[in-house]
Number of protein chains: 4
Amino acid sequence: MGRADEAEGNLAPGNLRPGSQAERLGDPPATESPARPGRPRDARAHRAIVDATIHLLTSQGYAKVTIEAIAARAGVGKTTIYRRWSSKGPLVIEAISELIHLGPMVDTGDIRKDLAAFLKAVVAALASPLVGGTIPGLTNDMAFDPEVAGPFRDFVVAPTRARLQAILDRAAARGGLPPGTDRELILDMLVGPVLWRALITGTRLDAGLAEHIVDKIVRGFDLRPANGHLPAGGSHN
Amino acid sequence: MGRADEAEGNLAPGNLRPGSQAERLGDPPATESPARPGRPRDARAHRAIVDATIHLLTSQGYAKVTIEAIAARAGVGKTTIYRRWSSKGPLVIEAISELIHLGPMVDTGDIRKDLAAFLKAVVAALASPLVGGTIPGLTNDMAFDPEVAGPFRDFVVAPTRARLQAILDRAAARGGLPPGTDRELILDMLVGPVLWRALITGTRLDAGLAEHIVDKIVRGFDLRPANGHLPAGGSHN
Amino acid sequence: MGRADEAEGNLAPGNLRPGSQAERLGDPPATESPARPGRPRDARAHRAIVDATIHLLTSQGYAKVTIEAIAARAGVGKTTIYRRWSSKGPLVIEAISELIHLGPMVDTGDIRKDLAAFLKAVVAALASPLVGGTIPGLTNDMAFDPEVAGPFRDFVVAPTRARLQAILDRAAARGGLPPGTDRELILDMLVGPVLWRALITGTRLDAGLAEHIVDKIVRGFDLRPANGHLPAGGSHN
Amino acid sequence: MGRADEAEGNLAPGNLRPGSQAERLGDPPATESPARPGRPRDARAHRAIVDATIHLLTSQGYAKVTIEAIAARAGVGKTTIYRRWSSKGPLVIEAISELIHLGPMVDTGDIRKDLAAFLKAVVAALASPLVGGTIPGLTNDMAFDPEVAGPFRDFVVAPTRARLQAILDRAAARGGLPPGTDRELILDMLVGPVLWRALITGTRLDAGLAEHIVDKIVRGFDLRPANGHLPAGGSHN
DNA sequence: AGCTAAACGAGACGGTACGTCGCGTCTTCAA
DNA sequence: TTGAAGACGCGACGTACCGTCTCGTTTAGCT
């Protein structure tokens, strides 16, 4: 995954990018060694497995997806799956990270609008059946299995963070970011409330929520448009 | 659970209150009928089950706790468990809601301090092995099982929300809450970032985090101390 | 199994005796304890399993019979099988010992005829698809698994031996058995050649074989008819 | 294998004769074509496979020996094995037939002694861990797989039979064999009881058993020493 | 010396069966 | 009617081997 790709981020259900990160998750050793002995892994099997996983994830939800069902649907032996992924978690992460995409990078020149676009994409992702129905199950596995937590952070969280950092970088370049701003906290406070609603309260996620959160963040962190003007001030309280 | 109890809230690992909410979750039918025919339910079995659940939850984590193991450890038949709880979720909720406690209500007269105290209690709860190791699993079940989601919201979320509302009520009475403030959003933006860190990023949770979040919230929502003075302004950015 | 039953012996495909030895093999603890706690084993499941085993044994042969297939055909969970039998071997032994039957005891008063009848029954059993197709597989398992060898000897070999001993007892009573005769060796030399042919050479087994073997045994062991006359002498060499 | 070799027979654990029958079983096509194109089969691989098979056979027993384990221990690809043997059976037969050896031909001039020597060799073979632990498994495969039964009869049974026939031939030449004697039956009745004990009853095999069996056979078949005298008559009954 | 073709090690592949675990329900006997 | 005990049908687990199939790499004999 190139730098540009990372900057573009992901996290919204979008276009499928065949084989992009496949090697990273499912075939770690294949990347470096120029020629391992023995028959090489079959790329078609890899695709079939990931596709089957996506299908089942969408139609059944994480908890009900079984390795057995994935194997059956992919027309593949179970061993072929276990050979590539240690458990359901990493496989699912690879599957959804192919589909999570934050959409094209938006650069409006206005940090409020940029943040709103970013957060709306996050909201859209968490509201989608695929991601929304998968995250809760993944958090479960992540809690006790580092083999799930690691890839999830690398392939889902990191790109999201990178996307936000790009926005903040531009804002800083325009002089709209107070010196010493805790950039990580901005991410936490933008995305956290959405996660809270998605997982815990079950409240409906919509674009308005994103706007309101951004409003408070802009004021709370004293972020300003490029020209240094004070923000117009949200009418929402 | 009385009004006072609710206002007191919960969410910090604390003292065990035997039999407090047990009847609500585990024994709904027992509440009404004053004298049912046949042998009455054995309260000791109830306690043994809940205690076993707490023990296993702490030592193994939600995902690895099974009804079978609980029954074995409690020295109880599985039927006896299913007679009281429809599934693992509600039982676990009862078990942890006994232990979750937000501590005594703090009233400093300063909304910033009140909020910080509140959020620190939340942080402490999510950082504890019991709650921290259980929430992720519960979110999984909540997503697909209303019988888990309902009780969780009633017994864990609602008291937390009530506690915050009490703080905001007092602030409003002192004139420190701008009219039209979205009180629900305050809860989301206070607790959400902590949840995000606990479940997703795995970043360490500490009291400093709570302070920083409160800082931004106070500024973002334009909250003021009782006398109407503007807040001193946090040094943290 | 009563004494009379034992004396009758078995080893020829014959009538099914429902539930006769079932408790001995599949439900060892049930025999003595008057009332074990918990739900008792289901006798219908037991029968269904044994019946399915017999069916598959006949149609596929020992090697191709799997626990999974038995469970499926019996409409039973695999655990239900493993709860009663430690492995395929003992189950198969129970199944065939129900069907192995040496037929009614023959008492002609002539030891030659008695032995011939006995050996013909053995030949018939080993020539049948059920027993003939099962013994080789069982010998395999017996060699390394005492849980197979024990029951096989108890339920298949012992009755056969008992049947022969009854014949020899009668002969001895008539004075037709030289003193000091090695009775065990008679069994070995009667049945051994038949087993050798069945398992190793694959030569066809027929009634003539039994006659010829008995001929040589009678002469070799100097067995005589009741009246003490010397045997007429077989024409076969 | 030459005629002399066959007459010598086998069936007792003995000296290893490298490469004797290897070509017959493992490399059938190599025998005729004087020069096939391509890389020739590697004789070291052949040996390594057979050696590994013998080792595993001795230490684990037929049933637990897998092609995979043989390949691993021989440091050889599975393909290399399947290229030479169609399945485990023929390979095992080749392995044990290397080790089975009836010892040097004995010619005492006394048929009783010749037969006893012969049968003692058979007993020794079946009592050895290698052969004794392998035969039961082989009988299983033989029952359903002609590719196992054929070679077994050719390489194990036939030499044994030939050895016995040579003894009988000599006896006949001395006039000690009644005309019309069923020579095959003698083999059956000599070896059968030993097999029966080895596979079924598990009774200990010893030299005494061989003596007793021969005793009864000599009397039963009316075999005589060269000079036509009646046998001395065994004291054993 | 180069070419061809099979053999070789390694190991991936689609399968089948294994024996185990936990589910939620049921059936027994004893309070 | 409750309770402990445990059997029941079921579904999935992760593993072991099967026999087959690629791979890249020898290793010969024949040009």
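Protein chains get the first letters and strands the later ones, always in sequence-line order, with residue 1 at the start of each. No hydrogens, no waters, no symmetry mates; every other heavy atom, side chains included, goes into these values. Everything quoted here is computed from the prediction, not taken from an experiment.
Note: CD1 (Ile49(C)) to C1' (dG9(F)) measures 11 Å, nearest angstrom. Taking atom CZ of Arg36(A) as the reference point, atom P of dC23(F) lies 14 Å away to the nearest angstrom. Distance Arg84(D) CZ to dA6(E) P: 16 Å, rounded to the nearest Å. One interatomic measurement links the two molecules: CZ of Arg41(B) to P of dA31(E), which rounds to 21 Å at whole-angstrom precision. In this entry the distance linking CZ of Arg47(B) with C1' of dG3(F) reads 18 Å, nearest Å. For the pair Leu56(A) CG and dA12(F) C1', the interatomic distance rounds to 14 Å; values are reported in whole Å. When the P atom of dA17(E) is taken as reference, atom CD1 of Ile81(C) falls 13 Å away, rounded to whole Å. Nucleotide dC8(F) holds its P atom 11 Å from the NE2 atom of His46(C), rounded to whole Å.
With DNA chain F read from its 5' end, the first of the two nearest nucleotides for Thr79(D) and Arg39(D) is the one closest to Thr79(D). For the pair Pro37(C) and Lys78(C), nearest-nucleotide mapping onto DNA chain F gives the more 5' position to Pro37(C). Both Ala43(A) and Asp42(D) lie near DNA chain E, and the one whose nearest nucleotide falls closer to the 5' end is Asp42(D).
Within the 4.5 Å cutoff, no side-chain heavy atoms of Asp141(A) are placed close to those of Phe152(A). In this structure the side chain of Thr80(D) never reaches within 4.5 angstrom of the side chain of Asp42(D), judged on heavy atoms. His46(D) has its side chain within reach of Glu94(D): a pair of non-hydrogen atoms, C-beta onward, lies under 4.5 Å apart.
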Item to check | Intermediate values then yes/no, side-chain hydrogen bond (donor to acceptor under 3.5 Å, both in side chains), Asn140(B) and Tyr62(B) | outcome: CA-CA 10 Å; Asn140(B) 184 16; Tyr62(B) 184 87; over 6 Å; no

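Taken residue by residue, residues 60-76 of chain A places heavy atoms nearer than 4.0 Å to DNA chain E at Gly75(A), Val76(A).
Distances shorter than 4.0 Å separate some side-chain N or O of Arg83(C) from OP1 or OP2 on dC8(F). Between Thr80(D) and dA7(E) there is no side-chain polar atom (N or O) within less than 4.0 angstrom of OP1 or OP2.
Here the straight-line distance linking atom OG1 of Thr53(B) with atom NZ of Lys88(B) works out to 10.0 Å at 0.5 Å rounding.
The main-chain N or O of Ala43(C) is never found under 3.5 Å from a side-chain atom of Arg47(C) such that the two would form a donor-acceptor pair.
The two residues Thr139(D) and Pro136(C) make their nearest non-hydrogen contact at O-CB, 3.6 Å.
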